[in-house]
Amino acid sequence: MLTTNEDTPDPNVPGAPTPPRPPTGPLYWAPPLPPQRKRSGWVWVAVALGLVLMLAVGAAFVRVPYYAISPGSARQVDDLIRVDGPGKAYPPKGDVLLTTVSLGPVRNVYDALGGWLDPAVDVLPEKDILGPAESRQQYNEANLQAMTDSKQLAEYVAFRHLGYDVSVTGEGALVVGVVPGTGAASALTPGEVIVAAEGQPITQAEQLVAMIKTKAVGDNLHLTVKKADDDKAAPREVDVKLSKRDDGSPLLGITQQTWKQEFHFPFAVDIDSGQIGGPSAGLAFTLAVLDVLTPGELTGGQRIAATGTIDPDGKVGPVGGVAQKTVAVKRAGATVFLVPSEEYAQAKARAGKGLRVEKVDSLDQALKVLATLRGSNALALGAPGARPQ
C-alpha cells in the first residue's frame, strides 16, 4: 500500500492541509528527461565564417574618406607649346617633361589596404587633399585654375628672362584661405578681395606682401575689402593684427593671389595642358618655353624632367607627390630630374641608378644644372636679356 503525506496537517496552521508535494519513495516512477544535445563545434565555425563573409562583402561597398596618390605620367611639354604672331619657334630635339600623379578617392577598405601596402602609393585622409574646398568639384575647379595661373607665370618668367617687357595688371589681392589662430581668421573671409592697405591701392598680391614687410609683429594693418562675387556691395574697412612667422617676421595670415590678373605679352604663346590641374608644372613650363623660343638645345638633346611651382621672381616651390613622380620619371626614361630642395630626399630615395636628381630653388639654379649637360645652350640663357637674334 502506497502512502503519501497529502493528509498530513500543516503544523503552522492548525487544521490546514499542506500543499501537494510530488510523490516520492522507492516505488514511485517518473519518465526520464530527454538527453541534452551538445552543439557541435562545426556549427560555431559556420556561424563565425558567415559573419566574416558578411563583413567582407560589406567592406567592398563601404566608402572610406581617403584619397590615394599613385604614380602618374611624365609628359613631354615642348610639343604642347604653340607660338603665334611675330614670335619664332625653334622646336627642340630633346624633351622637357612635366610630371603628374594619379589622384583619386579610395573606393573601399580593400583599396585603402592595398595602397598602404604598396610603397609607390600614399593613402591620405580626404580632408588633407581637398583642403578648404567644400566638394571634389570645387577642388578640381581650383586645380584647373591653378594650372592656368601656372602657365601664365611660366610665360611671364620666360619672357622676362629673355629680356622682353611684360606688363601685369590686376584688381586686388584675393583671399584664398585664412590661417587659424591669426588675426586674419576672425577678420577676413575667403572670397573677399583686398583692394587697399593703409590707404594705398592694392592691384596685385605682391603689393600687399610688400606692405606687410613694412610693419612689425603686433601692428594693425588697415585694409579695404570687398566681395569678389558682388561688385555692387560697398567695400568695408577692417584692421587686422599681424601675427608672427617662425622666422620672426610679420604674418597677415592668408593665402592669396592676384584677383583678375592679366599678363600682357609681346606675342602669344599657348600651352595646351588639357585636363592636367595644379601648379606643379610651373618650372617645367618655364624651361620648355625657353627651349622653344631659343635656337639650340636647352636639354642637350636629352630627356629631362622637372617639377615645382614658379613665382614671378623665378623662385621654385615644393609641390608634393614627388615620390610618385619619381617613379613616373624613371618609367619615361628621363636622365635628369629637377626637384625643389625640400623634396630632394624623397626623389633621391626613389631614383635608384640611372636617374640623376638635382635640387633647384630658382630658374637660375635649374639653368646652371642644365648647363652641365653636353650640347646644352643653357649658358647662353644664363644672363637676363640674352634675347635670340
### Task
Enter the distance from L98:CG to L287:CG here, rounded to the nearest 0.5 Å.
11.5 Å

### Query
Do we see a donor-acceptor contact under 3.5 Å between the side chains of R160 and Y156?
yes

### Main-chain N/O of S73 paired with T100 side-chain donor or acceptor, under 3.5 Å
yes

#### Entry: Non-hydrogen side-chain atoms of K215 and E198 separated by less than 4.5 Å
yes

### Message
Under a 3.5 Å distance rule, please check whether D219 uses its side chain to pair with a backbone N or O of A216 as donor and acceptor.
### Response
yes

### Task
Keeping the roles fixed (side chain from Q204, backbone from V168), state whether a donor-acceptor pair exists under 3.5 Å.
yes

### Query
D364 versus H161: any side-chain heavy-atom pair under 4.5 Å?
yes

### Query
Are any of the side-chain nitrogens in R82 or D84 under 4.0 Å away from the carboxylate oxygens of its partner?
yes

### Task
Look up atom CD1 in I254 and atom OG1 in T182, then write down how far apart they are to the nearest 0.5 Å.
9.0 Å

### Message
What I want to check is whether the side chains of K151 and S273 have a donor and an acceptor closer together than 3.5 Å.
### Response
yes

### Message
Between L223 and L188, is the side chain to side chain contact (heavy atoms under 4.5 Å, CB included) condition met? List the steps.
### Response
CA-CA 10 Å; L223 303 174; L188 300 173; 4.1 Å; yes

### Query
Hey, are T335 and Q302 close enough side-chain-wise for a donor-acceptor pair under 3.5 Å?
yes

### Query
With no hydrogens and no angle check, is any side-chain donor or acceptor of T99 less than 3.5 Å from a backbone partner on K325?
no

### Message
If you apply the rule side chain to side chain contact (heavy atoms under 4.5 Å, CB included), what do you find for V195 with E171, and how did you get there?
### Response
CA-CA 7 Å; V195 295; E171 297 184 14; over 6 Å; no

### Query
Can E358 and R356 be said to form a salt bridge (Lys or Arg N to Asp or Glu O under 4.0 Å), step by step?
CA-CA 7 Å; E358 294 285 349; R356 174 185 170 190; 2.8 Å; yes

### Query
Does D313 reach the main-chain N or O of K315 with its side chain, forming a donor-acceptor pair under 3.5 Å?
no

### Query
So, the side chain of E297 versus the backbone of K93: is there a donor-acceptor pair under 3.5 Å, distance only?
yes

### Query
Is there a donor-acceptor contact under 3.5 Å from the side chain of S376 to the main chain of L370?
yes

### Query
Any chance the rings of F159 and F267 have centres within less than 6.0 Å?
yes

### Message
Between Q152 and T148, is there a side-chain donor-acceptor contact under 3.5 Å, judged purely by atom types and distance?
### Response
no

### Task
Determine, stepwise, if the pair T224 / E237 fulfils side chain to side chain donor-acceptor pair (under 3.5 Å).
CA-CA 5 Å; T224 304; E237 307 292 323; 3.0 Å; yes

### Task
Under the side chain to side chain contact (heavy atoms under 4.5 Å, CB included) rule, what do L283 and T309 come out as? Steps first, then yes or no, please.
CA-CA 6 Å; L283 175 60; T309 63; over 6 Å; no

### Message
Can you tell me if D247 has over 12 outside heavy atoms packed within less than 6.0 Å of its CG?
### Response
yes

### Task
Can you measure from CG (D291) to OG1 (T299) and round to the nearest 0.5 angstrom?
5.5 Å

#### Entry: N/O donor-acceptor pair under 3.5 Å between S150 side chain and A146 backbone
no

### Query
How about Q365: does its CD atom have over 12 heavy atoms from other parts shown lying under 6.0 Å from it?
yes

### Message
Let's go through E343 and K359 carefully: what are the C-alpha distance in whole Å and the side-chain angles of both, what is the deciding distance for salt bridge (Lys or Arg N to Asp or Glu O under 4.0 Å) to 0.1 Å, and is it a yes or a no?
### Response
CA-CA 8 Å; E343 298 168 317; K359 48 187 171 184; over 6 Å; no

### Message
Within the 4.5 Å heavy-atom criterion, are L338 and T307 side-chain neighbours or not?
### Response
no

### Task
Would you confirm whether D311, through its side chain, and G314, through its main-chain N or O, come within 3.5 Å as a donor-acceptor pair?
yes

### Query
Any sub-3.5 Å donor-acceptor pair from D95's side-chain atoms to I304's backbone N or O?
no

### Task
Measure the CZ-CG distance between F285 and D78 for me, rounded to the nearest 0.5 Å.
11.0 Å

